[in-house]
Amino acid sequence: MGAVVRWCLKNRSVVFLATIILISSGVYATTRLNQELLPEIEFPIVTVSTPVPGAGPDLIDEQVTQPVEAAVDDVDGIESIQSTSSAGFSVVLIEFSLDTDTEEAEAELGGALDGIELPQQAEEPEVRTQSASEFPIMSVSLSAQEGELSKLTEYARDEAVPHIEDVEGVASADLVGGAERQIRVELDPQRLEERGVSADAVVGAISGAAGVNTPVGEVTIDGLSTPVRTTSGLADAEALAELPVGVSGGAPTGAPSGMPAGVAGGIIPGGVPAASASPAASAPPTGAAAPEPVLLGDVAEVRETTSDIAGISRTNGEPSLGINVTKDPAANTVEVAEGVEEALSEVRQDLGEDEVIVLFNSAEDVEESVSGLVDKALIGGALAILIIFLFLGSLRATLVTAVSLPTSILAALLFSWADNLTLNIITLAGLTIAVGRVVDDAIVVLENSYRYVQKCYGPQEAALRGAEEVASAITSSTLTTTAVFVPLGLVGGIVSKFFLPLSLTVAFALLASLLVSVTIIPVLAS
């Protein structure tokens, strides 16, 4: 340490420049640190979700869940596997050891599932890790004006959600609640019987007319033939009510798949039953009237209704829907929340100021926690400087010592940024703990140097002798204190994930204070 002190005293201009660079870098790092409520913690849990539409729990357990469990069983690091098979869905929860890299585990699980054989109706298994960042950072409520929840749902799905997801750092914006338009058809058994139309014929006619997709030929462009298909559908309840579903006195069995809407229900143009479309049977008897088509509105009540797509939501007594906003793991919670607020300002212009309410915003808790701890740290630092002044009785000596406080803290924040830590209540608590300790080494160096000044040594010689004499003592003291905090992050288990940022922050601050006390303080004291 003596050689370091001598070099610093011989190159004071370099030390001053390095101090300015260190402080500037610390300020820059502070502005770049992500602000979170808690440290980023990745739980060693991976889920494999497999949707199987229309399948029952027994079939899913036998043909999906068990094959998935067998496929992933050989992956290294697995501690336990839990599975749930429900109607239409399979979830396999895989827990790894705490020190497992979840990204590598996710990749290995994806590779293990590549060759798995699943039922034809099963969708591709989705492998996802579980992280604290997957919890929503904001919850927004959109109230429906005059109870028109279906229109609000369409607006939210088509306008609001895409606009929010365009914000930088937003991973997803999920709708909660809402309603969508549906057409409800209630058959009247008596009218069906009177007109001789079966319920199966009605179902077939509606299925055929609801989404027709029919080839109509091909076109040739630059020598290349391209097939052309035509699609059609029913626009509203009135159009559906005019759909032919049969003929009086005899009901065809419904429209064949892909038959145009005019042919649905077994009716071909001209009112002739599709079942008798052959040349021998297509013509009615001479003098007989053409069969009268039966429309859906003749045998059923057709009306537009709304249905809840994900439960019922109300805000201040009004029908509403919610939007849960989730951020990317690497994004800054405060910055993402500010971007979402800007996006919501356009939504408020469309819906009204009172119709858009932010129910939950974790950024407010983060800012409040960070602001509170910063205030307490500043108060603690001011009190520490005041006490130093009371004991030293010299304003110049106090200012020299006080330099070590912001320099050490900013250096600790620079190290935290380089180590990908975030600014949260845990790391700020560590800085608050370190505030009273980071000035200790500087006080010892300054007081010992001042003692040599009293012995009539020159300022530079006094600074050299004073720093050299106590260098080993303050080094051993700082390293001892650091050794007390570092093991807190090595206790093991999920607790270490919370305490590791605390111990690292305190260690960074103490080591920075040691560096400042043997470089900057002797130069200022000289």
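- In this view, E335 satisfies the side chain to side chain donor-acceptor pair (under 3.5 Å) rule with no residue, not counting sequence neighbours.
- In this structure, F391 has no ring-ring contact (aromatic ring centres under 6.0 Å, His included) partners at least two apart in sequence or on a different chain.
- Every residue two or more places apart in sequence or in another chain that forms a ring-ring contact (aromatic ring centres under 6.0 Å, His included) with F415 is listed here: F508.
- In this structure R12 satisfies the side chain to side chain contact (heavy atoms under 4.5 Å, CB included) test together with F16, Q460, V523, S526, sequence neighbours excluded.
- Evaluation of the side chain to side chain donor-acceptor pair (under 3.5 Å) rule for E108 yields no partner, not counting sequence neighbours.
- With sequence neighbours left out, E123 forms a side chain to side chain contact (heavy atoms under 4.5 Å, CB included) with P51, P53.
- Listed by first then second residue, pairs satisfying side-chain hydrogen bond (donor to acceptor under 3.5 Å, both in side chains) with a partner in residues 338-349 read H163-E346, not counting sequence neighbours.
- Legend: residues meeting ring-ring contact (aromatic ring centres under 6.0 Å, His included) with Y457, ordered by chain and number and at least two apart, are Y452.
- Applying the side chain to side chain donor-acceptor pair (under 3.5 Å) test to S416 and every residue at least two apart in sequence or in another chain returns nothing.
- Listed by chain and residue number, E469 satisfy the salt bridge (Lys or Arg N to Asp or Glu O under 4.0 Å) test with R451 (two or more places apart in sequence, or in another chain).
- Applying the side chain to side chain donor-acceptor pair (under 3.5 Å) rule to N324 yields the partners S139; only residues at least two apart in sequence or on another chain are considered.
- In this view, E461 and R465 satisfy the salt bridge (Lys or Arg N to Asp or Glu O under 4.0 Å) rule, not counting sequence neighbours.
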